Asks: 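Pasting a structure here, questions to come.
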Amino acid sequence: MLKRTKLLVLAVMASLYAGPAIGGEPTLHEIANALDATMRAHHYRPAELEEPGYLDLTIKARKLADTAVDKKAFVDGYNALWDEGPFSHVQLNFARGSAADMAAFLDTMNAGGNGAKLKWQNNTAILTVNTMMGQDTIEQIDAAYSAIASRGADGLIIDLRKNEGGAFAIRPLIEHIIDEPIDAGGSVAQQWNQANSHPPRREDLAATDAWDGWSVRAFWNDAQSKPLIKVHLRPRPVTFTGPVFVLTSHKTASAAEIATDALKGIGRATIVGETTAGEMLSQKPYDVPGGLQLFLPIADYYSAYHGRIEGKGVEPDVAVRAEHALGYALKAIRND
């Protein structure tokens, strides 16, 4: 569970403001102010930024600008503040290109060959998926399901214990083991939150066209221009119909939580391990002064089955320590 910190007086924020630097390089105070302004412009629900957790963190960021010895120390300190921040998916980095360049990279990147790995224990398939990022991860998942079908596996274990999320590899991961379409949930940003005082409901999802994209850039654009993005999943040709177990840990986060939640929600898999991280927001990078990029959450996610995942996580069906989850699942399949 993410921490909520106490409210400090807003007047302190004003007293910490430093005037602009003379010259081209921004002061650390200017950077801190730009981070707050960028967050307020693009956060999925600006009203949340008036709550104690964010207000307190912003004060601390401005204090950090007083004490940091250089920009790197400020970046490191700012990220440390967000380790226990009021919400997830905030990261400050030194820019290696523009935010637009980053978007293009994410759409075409490969994870380096270790995104998904298939192993066997007798005739039980163990598919370890370490990230939801990468075109190669998607290809590896498709190939794994082909191998599983060819061998006629007795059972499938999907290991998400080290998976901290990513993008659209959840599609093949889920779509190869479902036999009918499902609405997993929906993402909402400022447009929804400005018009509605309630989270998206099942009837809202039913009335919304399916979002079938795969591009990160397209998702960012649509999430910020449409009230609701529906995560709709359809069966793929190579389908595994046997028993499925999903292994989770406290590190299982973001898109991996969507997959865990959806499979639990439709009863297609038994979830074994620990409650997931509860870090289910969608982030986008923005260029900020000083050659930096701020990743911040532009959309929240609501499961069709269990509501909001951020700050809560997905509870397992069988709660065991993460290191014992594989052994439990293997034994359950043997005894099935």
Side-chain angles (χ1 to χ4, degrees), residues 38-39 41-45 82 87-116 129-142 160 163-175 183-192 208-234 236 252-262 277 279-288 292-303 309-310:
T38 304
M39 184 74 74
H42 302 289
H43 187 274
Y44 61 89
R45 190 169 71 88
W82 279 101
F87 44 83
S88 66
H89 286 72
V90 178
Q91 182 78 27
L92 183 61
N93 298 323
F94 285 91
R96 297 183 179 180
S98 69
D101 292 337
M102 175 64 72
F105 169 73
L106 292 175
D107 271 348
T108 59
M109 69 165 286
N110 287 322
N114 294 315
V129 185
N130 294 311
T131 180
M132 296 300 181
M133 292 297 296
Q135 298 301 306
D136 53 345
T137 302
I138 293 172
E139 294 168 0
Q140 290 156 8
I141 291 173
D142 282 331
L160 301 180
N163 193 314
E164 296 182 348
F168 301 118
I170 64 167
R171 286 195 180 279
L173 185 64
I174 296 174
E175 290 177 343
D183 291 338
S187 291
V188 298
Q190 286 189 12
Q191 189 176 136
W192 174 275
T208 302
D209 291 337
W211 194 87
D212 293 322
W214 61 269
S215 164
V216 174
R217 284 182 293 181
F219 175 82
W220 287 341
N221 291 336
D222 288 346
Q224 293 177 295
S225 63
K226 297 181 179 181
L228 178 61
I229 298 293
K230 178 167 70 174
V231 178
H232 184 75
L233 303 166
R234 299 180 176 90
R236 296 202 175 200
T252 306
S254 197
E257 294 184 278
I258 294 180
T260 302
D261 173 84
E279 297 178 359
M280 186 47 251
L281 302 173
S282 298
Q283 64 180 180
K284 179 182 177 182
Y286 290 90
D287 297 320
V288 292
L292 301 175
Q293 274 178 1
L294 177 65
F295 283 76
L296 63 89
I298 62 163
D300 199 355
Y301 180 81
Y302 290 86
S303 159
I309 295 176
E310 172 73 11

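Keep in mind that what you see is a predicted model, and the values were worked out from it rather than measured. Numbering of residues begins at 1 and proceeds along the displayed sequence.
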Asks: Indicate yes or no for a side-chain donor-acceptor contact from E310 to the backbone of F87 under 3.5 Å, with no hydrogens or angles considered.
Replies: no
Asks: Heavy atoms only: give me the nearest A262-I174 pair and the separation to one decimal.
Replies: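 The pair with the smallest heavy-atom distance is CB-CD1, 4.1 Å.
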Asks: For E175 versus R236, what's the shortest heavy-atom pair and its separation?
Replies: OE1-NE, 2.7 Å
Asks: CD/E257 to OG1/T252 distance, rounded to the nearest 0.5 angstrom?
Replies: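 Rounded to the nearest 0.5 Å, the CD-OG1 separation comes to 7.5 Å.
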Asks: If I compare all heavy atoms of A256 with all of N163, which pair ends up nearest, and what's the gap?
Replies: CB-OD1, 3.5 Å
Asks: Which atom pair, heavy atoms only, marks the closest approach of G165 to S254?
Replies: CA-CB, 3.9 Å
Asks: How many angstroms lie between CZ in F168 and CG in L106, if you round to the nearest 0.5 Å?
Replies: 10.5 Å
Asks: Is it the case that atom CG in D212 sees more than 12 heavy atoms from other parts of the structure closer than 6.0 Å?
Replies: yes
Asks: Taking the ring centre of each residue, are F295 and W220 less than 6.0 Å apart?
Replies: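 No, the ring centres sit 6.0 Å or more apart.
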Asks: Counting N and O atoms only, with roles assigned by atom type, does the side chain of Q190 sit under 3.5 Å from a partner on the main chain of H43, one being a donor and the other an acceptor?
Replies: yes
Asks: Any donor-acceptor pair under 3.5 Å linking the side chain of R171 with the backbone of R234?
Replies: no
Asks: What are the two closest non-hydrogen atoms of A255 and M280, and how far apart are they?
Replies: N-SD, 4.1 Å
Asks: Is there a donor-acceptor contact under 3.5 Å from the side chain of D136 to the main chain of G113?
Replies: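 Judged by distance alone, yes, a pair lies under 3.5 Å.
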Asks: Sequence neighbours excluded, which residues qualify as side-chain contact (heavy atoms from CB on, under 4.5 Å) partners of S215?
Replies: D107, R217, A218
Asks: side-chain contact (heavy atoms from CB on, under 4.5 Å) with Y44: which of L281, I298, V188, L296?
Replies: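 Exactly one candidate clears the test, L281.
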Asks: According to the salt bridge (charged side-chain N to carboxylate O under 4.0 Å, His left out) rule, which pairs have a member within residues 292-303, sequence neighbours left out?
Replies: D300-R308
Asks: Shortest non-hydrogen contact from A116 to I141?
Replies: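 In terms of heavy atoms, the two residues are closest at CB-CG1, 3.8 Å.
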